[in-house]
Amino acid sequence: MNERIGLGWDLHRLEEGCRLILGGVEIPFEKGLLGHSDADVLAHAVTDALLGACGLPDIGECFPDTDPTYEGADSLILLSRAAEMAEKKGYRPVNCDCVIVCQKPKLAPYKREMALRLSTALGITPEQINIKAKTAEGLGPEGESLAVSAQAVMLVTKS
Ligand code: MG
């Protein structure tokens, strides 16, 4: 079996006084995401999808939030570490498809830049990453702008 698939999901609280970083792109908004690292919920979902596809431990186990090393960490650096771990096991990403659930702000203008930054961290091309942004129709924590969540699936192949 040369191909495997992984699933990632994450959610972070939206709060005032925090930066909103999604896929490595800082987005101007009145609120941002709260977390131990830079709280990049999309990068975290992509990282878990990659780790899962390779049968590696999850992001919390690989980069524990109890470790001061990861305080305020750039999540794209964690993603590139995960890509190195995947490579050591002989896996490389084929494609990654993501959904961000965010009521506000509108994310369409930032999706290309997010794909570029995520793909750079993964050592692949932006065409191998697809990002979709959805609102939650005003419902639930994402809809009420209390949180942003992200999901990702990643296909990897063994060379
Ligand atoms: Mg997270």
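These values consider heavy atoms only, across backbone and side chains, with no hydrogens, waters or symmetry-generated copies. From a predicted model like this one, the values you see are computed outputs, not experimental measurements. Numbering of ligands and ligand atoms starts at 1, following listing order.
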Exercise. Could you give me the CA-CA distance, side-chain angles and deciding distance for Ser149 and Glu142, then say whether side-chain hydrogen bond (donor to acceptor under 3.5 Å, both in side chains) is met?
Key: CA-CA 7 Å; Ser149 68; Glu142 295 98 327; 2.6 Å; yes

Exercise. Return the minimal non-hydrogen interatomic distance between Ile131 and Ala115, and the atom names on each side.
Key: CD1-N, 3.5 Å

Practice problem: Count the heavy atoms of every other residue, nucleotide or ligand shown that sit under 6.0 Å from CD of Glu26, and state whether that count exceeds 12. | Solution: yes

Quiz item: Just wondering, more than 12 heavy atoms not from Lys106 lying within 6.0 Å of its NZ?
Solution: no

Quiz item: Taking only residues two or more places apart in sequence, or in another chain, which ones meet Phe63 in a ring pair (Phe, Tyr, Trp, His ring centres under 6.0 Å)?
Solution: Tyr70

Practice problem: Please step through side-chain hydrogen bond (donor to acceptor under 3.5 Å, both in side chains) for the pair Ser75 and Asp38, ending with a clear verdict. | Solution: CA-CA 6 Å; Ser75 296; Asp38 64 4; 2.4 Å; yes

Practice problem: Taking the Mg ion (ligand 1) as the centre, count the protein N/O/S atoms lying under 2.8 Å from it. | Solution: 3

